[in-house]
Amino acid sequence: MPELPEVETVRRGLEPVLAGHVILHADVRRPDLRWPFPPGLAPRLTGARVESLGRRSKYLLAGLDRGETLIVHLGMSGRILVSGAQVGAFHHPHPAPEKHDHLVLDLDGGARITLNDARRFGAVDLWPSDAIGGHRLLAGLGPEPLGNGFDAPYLAGRMAGRLAPVKAVLLDQRIVAGLGNIYVCEALWRARVSPLRLARDVGPGEAEAIVAAVRGVLIDAIDAGGSSLRDYRRADGELGYFQHAFAVYGREGGACPRCGTAIARSVQSGRSSFHCPGCQS
DNA sequence: CGATGCCCCTGAGAGC
DNA sequence: TGCTCTCAGGGGCATC
């Protein structure tokens with residue numbers, strides 16, 4: 001599943017295909033993903049013009065001319081593919097429908113957008129654009145990690161007194177919105193802080209290092225087109241390549257690129273953590 | 001309130 | 001080949 005860099009990469013690939021175009025036909029192939037689709041999804045999309053394509057945390061937000069915004073979350077296995085349009089140097093013909101294609105939008109000009117999500121942890125909703133921040137899935141989100149609201153004093157304040165490991169705090173979308181398992185592991189490695197450390201024991205200098213590392217790793221990953229593991233692909237079907245730059249994620253037993261110590265794997269709140277016991281403390 | 005587990009679901013890969 | 005088991009970019013919700 002896509003974390004912030006993957007969602008941002010999808011957004012950038014999709015924006016020129018969607019923005020300014022009219023949805024001629026919406027094929028809603030099942031009634032729900034994680035939650036039921038909003039009532040009348042197909043008719044509410046049909047004939048609408050997409051005015052903008054934005055992103056908040058891991059949510060894609062397509063602003064429609066009817067005053068509603070289409071909200072899409074990709075969950076763990078969601079993919080969005082474009083066909084029938086010129087994407088970069090390539091022309092993608094419409095492929096045969098695949099298993100787990102749940103929502104298919106045909107646009108004026110011939111492009112087709114297909115949402116595929118095998119595990120169905122994703123979400124689709126429609127909500128009034130002028131109240132988008134009040135949507136139940138968006139209302140509690142913390143600041144964007146690449147925005148001005150995420151800085152060292154803020155993070156230090158949110159970590160103060162907290163008994164949870166620093167990794168759990170960074171994964172908490174109410175504290176900072178858009179990080180997931182990969183980029184938290186990678187950022188903590190860059191900051192030389194162990195994911196096992198309790199948040200209340202992280203000092204101000206380390207908070208500064210974590211903020212810088214989070215920003216740096218997200219920017220590097222976006223520059224690389226995200227990370228392609230398993231399901232994820234860019235909107236144009238190409239693979240991102242940041243996975244080749246992982247220092248620790250998925251590298252248990254491998255040599256730390258900084259000090260050579262073997263990378264360790266642990267389990268925190270049911271998910272794998274990777275860190276270097278040699279240079280992260 | 002804060003912390004922790006469970007659960008939703010399918011598919012890929014490993015081991016036998 | 002086929003079974004069983006583990007694991008996977010998320011996150012809401014119940015429970016202590």
Side-chain angles (χ1 to χ4, degrees), chain A residues 1-11 30-36 55-60 71-80 98-102 115-125 135-142 145 157-188 195-201 214 217-218 220-222 224-235 239-246 248-253 265-274:
Chain A
M1 164 252 88
E3 303 179 37
L4 188 154
E6 290 73 40
V7 177
E8 178 60 22
T9 300
V10 169
R11 191 198 69 76
R30 55 174 298 124
D32 55 44
L33 286 175
R34 178 164 186 177
W35 296 287
R55 177 189 61 73
R56 171 76 170 104
S57 183
K58 303 171 191 174
Y59 294 87
L60 286 168
I71 303 171
V72 176
H73 192 279
L74 298 175
M76 286 283 269
S77 57
R79 290 180 288 169
I80 294 182
E98 286 187 28
K99 200 173 178 184
H100 310 306
D101 284 354
H102 306 311
L115 171 63
N116 178 290
D117 183 4
R119 295 177 71 184
R120 304 204 302 273
F121 292 166
V124 171
D125 206 358
H135 189 279
R136 69 184 186 95
L137 296 175
L138 305 179
L141 293 175
R158 297 302 300 258
M159 288 194 296
R162 288 200 51 170
L163 207 52
V166 59
K167 178 168 188 231
V169 169
L170 293 173
L171 282 174
D172 187 336
Q173 305 295 300
R174 298 168 300 181
I175 291 175
V176 57
L179 300 180
N181 205 27
I182 290 180
Y183 296 106
V184 167
C185 288
E186 293 296 314
L188 287 172
L196 306 171
R197 187 104 67 82
L198 300 188
R200 67 178 182 189
D201 297 334
V214 164
V217 76
L218 294 179
D220 290 349
I222 291 170
S227 304
S228 291
L229 305 176
R230 294 173 289 277
D231 306 295
Y232 170 75
R233 282 177 174 254
R234 300 174 4 175
L239 300 174
Y241 52 88
F242 192 73
Q243 65 277 11
H244 303 302
F246 290 167
V248 290
Y249 185 82
R251 296 195 59 243
E252 180 182 14
R265 175 181 176 272
S266 53
V267 177
Q268 295 183 276
S269 46
R271 295 204 151 77
S272 290
S273 286
F274 299 91

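Note that the structure is predicted; figures quoted are calculated from it, not measured. Throughout, protein chains are lettered first and strands after them, A, B, ... in sequence-line order, and every chain is numbered starting at 1.
The NZ-P distance, from Lys99(A) to dC9(B), rounds to 15 Å in whole Å. In this structure, the CE atom of Met76(A) is 10 Å from the C1' atom of dG11(C), given to the nearest Å. Put simply, CG on Leu33(A) is 15 Å from C1' on dG11(C), counting in whole angstrom units. Here the C1' atom of nucleotide dA8(C) and the CG atom of Asn181(A) are 10 Å apart, to the nearest Å. For Asp117(A) and dC8(B), the CG to P distance is 16 Å, given to the nearest whole Å. Whole-Å rounding puts the Ile71(A) CD1 to dG11(C) P distance at 14 Å. Remark: P of dA3(B) and CD of Gln268(A) are 13 Å apart, rounded to the nearest angstrom. The distance from atom CZ of Arg162(A) to atom P of dC1(B) is 13 Å, rounded to the nearest whole Å.
A distance cut-off of 5.5 Å between ring centres, combined with a plane angle under 30°, leaves Phe121(A) outside any stacking arrangement with the base of dC9(B).
When the side-chain nitrogen and oxygen atoms of Ser272(A) are compared with OP1 and OP2 of dA8(C), one or more of them lie within a distance under 4.0 Å.
The P atoms of dC9(B) and dC3(C) are separated by 23 Å, rounded to the nearest whole Å.
A donor-acceptor contact under 3.5 Å is not formed by the side chain of Arg120(A) with the base of dC9(B). No hydrogens or angles were tested; on distance alone, a donor-acceptor pair under 3.5 Å links the side chain of Arg119(A) to the base of dA8(C).
Under the 3.5 Å distance criterion, with hydrogens and angles disregarded, no donor-acceptor pair is assigned to the side chains of His100(A) and Asp117(A). Counting only N and O atoms by type, the side chains of Gln243(A) and Ser228(A) include no donor and acceptor under 3.5 Å apart.
Nucleic acid contact for Gly270(A): none, since no nucleic acid atom lies under 4.0 Å from a heavy atom of the residue.
Using cut-offs of 30° and 60° on the angle between ring planes, the pair Phe246(A) and Tyr183(A) is perpendicular.
For the pairing with Pro195(A), the side-chain contact (heavy atoms from CB on, under 4.5 Å) check across Leu188(A), Val184(A), Leu171(A), Leu170(A) returns one residue only, Leu188(A).
Listed by first residue number, the stems of DNA chain B with at least three Watson-Crick or G-U pairs below 3.5 Å are B:2-8 with C:10-16, B:10-16 with C:2-8.
Nearest nucleotide to the His73(A) side chain, out of dC7(C), dG11(B), dG11(C): dG11(C). Checked against dC7(C), dC13(C), dT10(B), the side chain of His100(A) finds its nearest nucleotide in dT10(B).
Nearest heavy-atom pair across Gly178(A) and Ser57(A) is N-OG, 3.2 Å.
Each of Leu163(A) and Arg34(A) has a nearest nucleotide on DNA chain B; the 5'-most of these lies closest to Leu163(A).
With sequence neighbours excluded, the residues that form a side-chain contact (heavy atoms from CB on, under 4.5 Å) with Arg200(A) are Leu163(A), Leu198(A).
More than 12 non-hydrogen atoms from other residues, nucleotides or ligands lie less than 6.0 angstrom from CZ of Arg136(A).
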